[in-house]
Amino acid sequence: MRSIPFIPPTAPFTAEQRAWLNGYLAGCFADASAAGDLSGPAAAPARSAEPLLVMFGSQTGSAEGLAKRVAKEAGKYGFTARALPLNEFAKAGLEQAAKLVIISSTWGDGDPPDNAVNFWSWLNAETAPRLENLSFAVLGLGDKNYAEFCGAAKKFDARLEALGAKRLLARGECDVDYEATAKAWLENLWPALRGAAGQGSGVAVSPFPAVNGSHVAPDKSSTTATPAYTRANPFPARLVTNRKLNRSGSAKEVRHFEISLRDSGLTYEVGDALGVVAQNDPRLVSELLAALGFTGDEHVKTSAGVDEPIRLGLLRDFVITHVPPPLLRAFAERGGDPAVKALLDPVRKAELDAWLYGRDILDVARALPKARFTAHEFAGFLRKLQPRLYSISSSPKAHPGEVHLTIGAVRYEAHGRQRGGVCSTFLADRVVVNETPVPVFVQTSHGFRLPADGERPVIMIGPGTGIAPFRAFLEERQAIGANGRNWLFFGDQRRASDFYYEEQLTAMQGDGFLTRLDLAFSRDQAEKIYVQTRMLENAAELWAWLETGAHLYVCGDAKRMAKDVDAALHEVIVKAGGRTPDQAAEYVQEMKTEKRYQRDVY
C-alpha cells in the first residue's frame, strides 16, 4: 500500500486549491488502497491521529450542536476530537493540549454562556497559566442586533493570545443565520490545523472533491432520501388554535397557539424550541415602498441569490423593522440633512441611539425623503429576516402530533405610529387558522432538559411567558409517571387577568402532582412582588430541596428577571445554607456543572 501523496504548502496554490487537490488525491488513493493496490513494497504505517479539543460555550444549544459536528468531522482530517463544555477545561487537560477549537455564543451584555463562565474566570484570572504550546481558533455565534456581537468569543480569542497561545485562524463571527459563515470558516480551519501539525502525514486537507466551490461527500447510495424539515427547509404547518390567555382588564396580550405537525416527521422533546419563519406586515411593506418611490415590481436578489420583485423580498426575506448602520449612513449622506449626518460621528453614539430608538426604516425614509436608491441598491443594505425561536409549551406525550406555543403579542406606539412584533403579530393577526401555512422547524436544546431520573425534585421559575417550557415539563412528568416533587414559581401583573393556564396548574396542584405553586402578581398590591421575592420568602425550604438534589430551571427575560433570580438564589444559599458569598458562588457553579441549574433566557 502506498502512502497518500499531498500538495505541500510551498506549491503555487491557494489554501482552498490545496484543500481541493489534497481531497481529490485522498479519495483516489483511499479507493485504490481499499481495492488491494499492493504496487508498493510494503504498507506504510498509518500516522496516528492527533488529539484535538473542540470546546463550546452554549446557552441554547446551537454552539454545542455545531461543536459536536466539528468533532465528528475531525476524524476525516486526521484528528481524534472530543467536544466538551468550556467549563470542563480541567477535565479536558487544556493546559497540556496542543490544539484547541472554541465555538461559543454570547449571553447578556457580552458575557459567556453558563457552561463557559468558570472557564472565563479561570482564563481571565491573574493566576492563569501561560499557554505557549497551544494553537487555537475561535468561532463566535451572535446576533448583530446586539451591541456586544460575539462578545464572549472576542474575549476568549484576545485572552488566549495574551497568554501566549498561537492563533491558527482569524476569529470567525457568525450572525443568527450562522450556517454559511460557519461552513466557510471551517473550510479554512482544517488546512490551518494541518499546517500547524506539519505537512507530509499523508492525511488530506479535504476528503472530498469540490463541486461548485462546496466540499461535498460522494453519494454512494442509489436512492436519495427525502430531506428532513430543518431551518433551511421548514415544514408548512397548520395553525389549529389561536387563543388569548389574558382575561378582561389585562394590559397584556399573551396567546396560546397550537400547531399541527401531522405528516411532517418532526419530533421534539420538552425543553426544545420551535422555529417559526414569519413574514413582515404587508401594510408596512406597502408604506415603505411608497416612501421609497418603488412600485414593488422592481426585481432584486435575496441573500440566497433568488431574483424576485422587491415587494416579495420586503415581505418574506428582509428585515425592515431595524435600521442597519450602513443604510442609515447612506440615507444621511443622500438625504441632505446635516443634523442626522452629524449624529453619525462616533462621539455622538449615545445621541444617535436615542434618535434611532423606536424607529424603523420607514421612519428614516420619511425623515429623509430626499434620499434616493435603486431597488437593487436598497436591497443590498438589508439583512436577512431570521426565524423566531419560541420555547415549546407542550409535551409530545400529552399532545401527539401537535406543538404548543405561549407567546406575548408585541404591540406599541412610537413616533406617532402603531408598531408590532414581526412574528408575534404574524401568528396573532395574519395567519388564518387551518388555512395559512406556518413554516416551522424544531430547534433542539442541548442544555435545557429534565433530569433523567424521574425521582429527582424539580424547581421551575417562569414568570410571564416563561411559563411555557414548564407547562411542557409538568405535562411530560405527569405522562411518564415521574414521582419526583415539582415546585413552580409563576407570576405576572394581576392574578384575575394574567394567570396563564390557571385551571390546568391548579388541577395539578389539587391532585398533589404539583407539590408547590408559589405565585407573584406584582400589581395586586401596593408593594411590587416578583418571583425572586417568593424565593427569598421560602429560602429555608428552597435550600432543603436543593440539598436533596433538586434541579432548578429558569425561563424568561435575561436582562432583569434572570439576573434577579440568580442573585436571589445566591442569597438563599447564604442565608438558609449558612454559606459565605464565595461559597454560594461555588455552590451555584457546581450546580451548573452538574446540569442542575439550567436557564432558557432571552
Side-chain angles (χ1 to χ4, degrees), residues 142-147 149 175-177 277-304 306-346 348-388 409-426 429-430:
D143 184 340
K144 286 185 177 177
N145 286 319
Y146 292 91
F149 175 62
D175 203 356
V176 177
D177 192 28
V277 181
Q279 295 184 5
N280 287 308
D281 186 340
R283 290 175 297 181
L284 178 59
V285 169
S286 295
E287 290 176 2
L288 182 56
L289 288 170
L292 293 168
F294 299 149
T295 66
D297 297 326
E298 299 89 344
H299 274 241
V300 298
K301 285 193 179 297
T302 67
S303 59
V306 176
D307 185 88
E308 65 183 10
I310 190 171
R311 182 182 295 277
L312 281 180
L314 296 179
L315 183 68
R316 304 184 306 193
D317 300 306
F318 297 121
V319 175
I320 59 176
T321 52
H322 296 281
V323 187
L327 177 60
L328 178 62
R329 182 170 294 278
F331 263 112
E333 290 173 351
R334 302 180 188 197
D337 189 324
V340 176
K341 192 171 183 179
L343 290 176
L344 298 176
D345 188 324
R348 300 184 65 181
K349 183 179 183 305
E351 294 176 71
L352 176 61
D353 290 344
W355 186 84
L356 278 175
Y357 185 77
R359 284 186 164 91
D360 59 17
I361 298 176
L362 175 58
D363 294 309
V364 175
R366 287 176 172 174
L368 299 167
K370 294 181 181 179
R372 280 289 174 253
F373 302 86
T374 66
H376 176 75
E377 283 178 318
F378 181 74
F381 285 108
L382 302 181
R383 297 181 59 211
K384 182 180 178 182
L385 185 63
Q386 299 294 338
R388 274 29 175 198
V410 178
R411 304 183 196 276
Y412 60 99
E413 183 178 341
H415 305 288
R417 284 177 45 219
Q418 293 295 323
R419 322 285 172 126
V422 173
C423 194
S424 64
T425 59
F426 170 71
D429 303 340
R430 301 191 293 278

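Only heavy atoms go into these numbers, but all of them, side chains included; no hydrogens, no water, no symmetry mates. Quick caveat: nothing in here was measured; it's all calculated off a predicted structure. Numbers for residues simply follow the sequence, beginning at 1.
Side-chain N or O atoms of Asn280 include none that pairs as donor or acceptor with a backbone N or O of Val285 at under 3.5 Å. Judged by distance alone, the side chain of Arg388 and the main-chain N or O of Gln386 form a donor-acceptor pair under 3.5 Å. Panel note: side chain Arg430, backbone Gln279; a donor-acceptor pair is recorded below 3.5 Å. No side-chain donor-acceptor contact under 3.5 Å links Glu351 to the backbone of Lys349.
Residues Gly335 and Lys370 share a closest heavy-atom pair of O-CB, 3.7 Å. Here the closest non-hydrogen pair linking Thr425 and Arg411 is CG2-NH1, 3.7 Å. Across His322 and Pro324, no two heavy atoms sit closer than the pair O-CD, 3.3 Å. Scanning both residues, Ala278 and Leu385, for their nearest heavy atoms gives O-CD2, 3.4 Å. Here the closest non-hydrogen pair linking Leu352 and Leu343 is CB-O, 3.6 Å. The shortest heavy-atom contact between Gly296 and Pro309 is O-CB, 3.5 Å.
Distance check: Arg383 CZ to Phe318 CZ gives 12.5 Å after rounding to the nearest 0.5 Å. A distance of 7.5 Å separates CG of Leu344 from CD of Glu333, quoted to the nearest 0.5 Å. With values rounded to the nearest 0.5 angstrom, Glu377 atom CD is found 12.0 Å from Arg372 atom CZ. Taken from CG in Leu314 to CG in Leu382, the straight-line distance is 6.5 Å, to the nearest 0.5 Å. For the atom pair OG1 of Thr302 and CD1 of Ile310, the computed distance is 12.0 Å after rounding to the nearest 0.5 Å. The line from CG of Leu368 to CG of Leu328 is 8.0 Å long, rounded to the nearest 0.5 Å.
Between Asp337 and Lys341 there is no salt bridge, since no side-chain nitrogen of the basic residue lies less than 4.0 Å from a carboxylate oxygen of the acidic one. Between Asp360 and Arg419 a salt bridge is recorded (basic side-chain N to carboxylate O distance below 4.0 Å).
For Arg329, the CZ atom is loosely surrounded, since the number of other residues' heavy atoms within 6.0 Å does not exceed 12. The number of heavy-atom neighbours closer than 6.0 Å to OH of Tyr357, taken from other residues, nucleotides and ligands shown, is 12 or below. Within 6.0 Å of atom NE2 in His376, 12 or fewer heavy atoms from other residues, nucleotides or ligands are found, so the atom counts as exposed in its surroundings.
For the residue pair Arg311 and Thr295, no side-chain donor N or O sits within less than 3.5 Å of a side-chain acceptor on the partner.
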| query | Hey, mind stepping through Val306 and Arg316 against side chain to side chain contact (heavy atoms under 4.5 Å, CB included) and telling me if it holds? | reply | CA-CA 12 Å; Val306 176; Arg316 304 184 306 193; over 6 Å; no
| task | Report the C-alpha distance between Phe378 and Val300 in whole Å, list the side-chain angles of each, state the deciding distance to 0.1 Å, and finish with yes or no for side chain to side chain contact (heavy atoms under 4.5 Å, CB included). | result | CA-CA 9 Å; Phe378 181 74; Val300 298; over 6 Å; no
| said: Apply side chain to side chain contact (heavy atoms under 4.5 Å, CB included) to residues Leu292 and Ile361 and explain how you reach the verdict. | reply: CA-CA 10 Å; Leu292 293 168; Ile361 298 176; 5.7 Å; no
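Note: Phe331 and Phe373 meet the aromatic proximity criterion, with ring centroids under 6.0 Å apart.
You'll find the side chain of Trp355 reaches within 4.5 Å of the side chain of Val364, heavy atoms only. A 4.5 Å side-chain heavy-atom check between Arg366 and His415 finds every atom pair outside the cut-off.
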